[in-house]
Amino acid sequence: MNIYVDFDDCLCETARYFSKFVLEQYKINVPYEKIKFFDLKKSFSLSDEQYEVMMKEGHKPEVLLSYTETSGSVETINSWIDKGYKVSVITERPSSCYDVSKEWLIQHGLSRVDLFCLNKYGRDNHFKNNKFTLELDDYYKMNFDYAVEDSPAAFKFFDHLKDIKILVFERPWNKECVLEKNNYRRCKDWKMIRDFVI
């Protein structure tokens with residue numbers, strides 16, 4: 001059994017940090033529960049400059065290490081690994097964040113997962129030819145039975161896998177997303193995710 005798990009807002013509470021950051025930095029009050037779009041620039045109505053500042057701050061090593069674990073994620077993933085399942089954490093974080101992201105996983109008891117930085121949206125100058133970075137061509141050669149993902153923008157990256165089951169971690173920005181295919185399941189928490197994976 002091969003399982004894909006997204007990092008931000010599946011394993012850890014990234015958007016909650018950004019909601020607090022824009023309130024403190026820009027006096028923009030958009031509570032986590034009111035974040036309507038995966039595109040945080042749009043959700044927070046930020047200028048290009050404000051968005052760039054926010055993203056730089058949110059990717060500082062000390063900030064990445066401070067993100068809180070999403071309740072139940074570590075326990076569930078370790079239970080899968082104990083059963084012999086292979087778990088790959090695939091993130092759109094830039095490859096410059098690989099080491100600190102791996103450190104977060106280790107600190108939270110997830111040293112046995114594989115971590116890959118995937119250039120999903122062509123936004124990052126990833127380091128090429130490293131075992132932990134993936135371009136889309138590399139990713140499309142991989143096979144997964146299940147995926148845990150929160151971003152509607154990422155759903156298209158599963159279209160090539162006809163038998164995959166996508167477990168959509170329910171977040172404010174995907175509640176209105178229509179899941180037209182029968183291999184998608186909404187999950188309000190990691191307990192539901194765990195119950196779906198056989």
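As the structure is a computational prediction, the values presented were derived from the model and not from experiment.
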Non-neighbouring partners of N182 that pass side chain to side chain donor-acceptor pair (under 3.5 Å), sequence neighbours left out = none
Min side-chain heavy-atom separation W173-P152 under 4.5 Å | yes
Side chain to side chain donor-acceptor pair (under 3.5 Å) involving S73 - partner list, sequence neighbours excluded = none
So, does D189 use its side chain to make a donor-acceptor pair with the main chain of G72 at under 3.5 Å?
-> no
Would you mind reporting whether Y17 and T14 have side-chain heavy atoms less than 4.5 Å apart?
-> no
Any residue meeting ring pair (Phe, Tyr, Trp, His ring centres under 6.0 Å) with F144, in chain and number order, not counting sequence neighbours = Y4
Check whether any side-chain heavy atom of V53 sits under 4.5 Å from a side-chain heavy atom of Y26, and report yes or no.
-> yes
State the CD1-CD1 distance between I3 and I90, to the nearest 0.5 angstrom.
-> 12.0 Å
Taking atom CD of E49 as the centre, report whether more than 12 heavy atoms of other residues, nucleotides or ligands fall under 6.0 Å from it.
-> no
Looking only at non-hydrogen atoms, find the nearest pair between E170 and R186 and report the distance.
-> OE1-CD, 3.7 Å
Quick one: are F7 and L105 in side-chain contact, heavy atoms under 4.5 Å?
-> yes
Which atoms form the tightest heavy-atom contact between L115 and F132, and what is the distance?
-> O-CB, 3.8 Å
Under the side chain to side chain contact (heavy atoms under 4.5 Å, CB included) rule, what do D48 and Y51 come out as? Steps first, then yes or no, please.
-> CA-CA 5 Å; D48 289 344; Y51 179 73; 5.8 Å; no
Okay, side chain of D9, backbone of A15: is any donor-acceptor separation there less than 3.5 Å?
-> yes
Same cluster or not: are L179 and F38 linked, directly or through other Ile, Leu, Val, Met, Phe, Trp or Tyr residues, by side-chain heavy atoms under 4.5 angstrom apart?
-> yes
Short question: side chain of W190, backbone of C10 - any donor-acceptor pair under 3.5 Å?
-> yes
Roughly how far apart are S43 OG and I35 CD1, rounded to 0.5 Å?
-> 6.0 Å
SB check D8 R171 (cutoff 4.0 Å) | no
Greater than 12 external heavy atoms within 6.0 Å of E176's CD = no
Would you say the side chain of M142 lies within less than 4.5 Å of the side chain of N2, judging by non-hydrogen atoms?
-> no
Output for pair (K102 NZ, C97 SG), nearest 0.5 Å, gives 15.0 Å
Closest contact, heavy atoms only, D114 versus F116 = CB-CE1, 3.7 Å
Output all residues satisfying ring pair (Phe, Tyr, Trp, His ring centres under 6.0 Å) with F44, sequence neighbours left out; order by chain, then residue number.
-> none
V148 and V74: same hydrophobic cluster, using ILVMFWY side-chain contacts below 4.5 Å?
-> yes
Pairwise distance CG(L65) to CD(E62) - rounded to 0.5 angstrom = 8.5 Å
Looking at I164 and A147, what are the two nearest heavy atoms and their distance?
-> CD1-CB, 3.8 Å
Contact check, side chains of T70 and E13, non-hydrogen atoms, under 4.5 Å | yes
Verify, without hydrogens or angle tests, whether Y146 (side chain) and V197 (backbone) share a donor-acceptor contact under 3.5 angstrom.
-> no
N119 versus E92: any side-chain heavy-atom pair under 4.5 Å?
-> yes
Under the 3.5 angstrom rule, does the side chain of S66 hit a backbone N or O of V63 as a donor-acceptor pair?
-> yes
If you look at every heavy atom in W104 and E69, which pair is closest and at what distance?
-> CZ2-CA, 3.9 Å
State whether the number of non-hydrogen atoms from other residues, nucleotides or ligands found under 6.0 Å of E75 atom CD is greater than 12.
-> no
Output yes when a side-chain donor or acceptor of T133 lies under 3.5 Å from a complementary backbone atom of C117, and no otherwise.
-> no
Checking salt bridge (charged side-chain N to carboxylate O under 4.0 Å, His left out) for the pair D159/K181: CA distance, chi angles, key distance, verdict?
-> CA-CA 10 Å; D159 288 347; K181 299 177 182 177; 3.0 Å; yes
Check the pair E33 / R16 against side chain to side chain contact (heavy atoms under 4.5 Å, CB included), numbers first and verdict last.
-> CA-CA 9 Å; E33 295 76 15; R16 292 183 190 275; 3.9 Å; yes
With sequence neighbours left out, what residues match Y139 under ring pair (Phe, Tyr, Trp, His ring centres under 6.0 Å)?
-> H160
Spatial distance of atom CG (L118) from atom OG1 (T91) [nearest 0.5 Å] = 9.0 Å
Name all residues meeting the ring pair (Phe, Tyr, Trp, His ring centres under 6.0 Å) criterion together with Y184; count only those two or more places apart in sequence or in a different chain, and write none if there are none.
-> F155
Sub-3.5 Å donor-acceptor pair from the side chain of N174 to the main-chain atoms of D150, do we have one?
-> yes
Show your working on side chain to side chain contact (heavy atoms under 4.5 Å, CB included) between F18 and M54 and close with a plain yes or no.
-> CA-CA 7 Å; F18 285 127; M54 182 185 77; 3.4 Å; yes
Same apolar cluster (I L V M F W Y, side chains within < 4.5 Å links), L110/I106 = no
Specify the closest pair of heavy atoms between K60 and E57, including all atoms of both residues, with the distance to one decimal.
-> NZ-OE1, 2.9 Å
Is D137 salt-bridged to K141, cutoff N-O under 4.0 Å?
-> no
Does atom CD of E103 have more than 12 heavy-atom neighbours, drawn from other residues, nucleotides or ligands, at distances under 6.0 Å?
-> yes
Consider only side-chain heavy atoms of I, L, V, M, F, W and Y, link residues closer than 4.5 Å, and tell whether L136 and L134 are in one cluster.
-> yes
When rounded to the nearest 0.5 Å, the distance separating CZ of F196 from NZ of K191 is 11.0 Å
With the threshold set at 4.0 Å, does a side-chain nitrogen-carboxylate oxygen contact exist between R112 and D82?
-> yes
Verify the cluster assignment for V22 and Y32: are they in a single hydrophobic cluster under the rule of side-chain heavy atoms below 4.5 Å apart?
-> yes
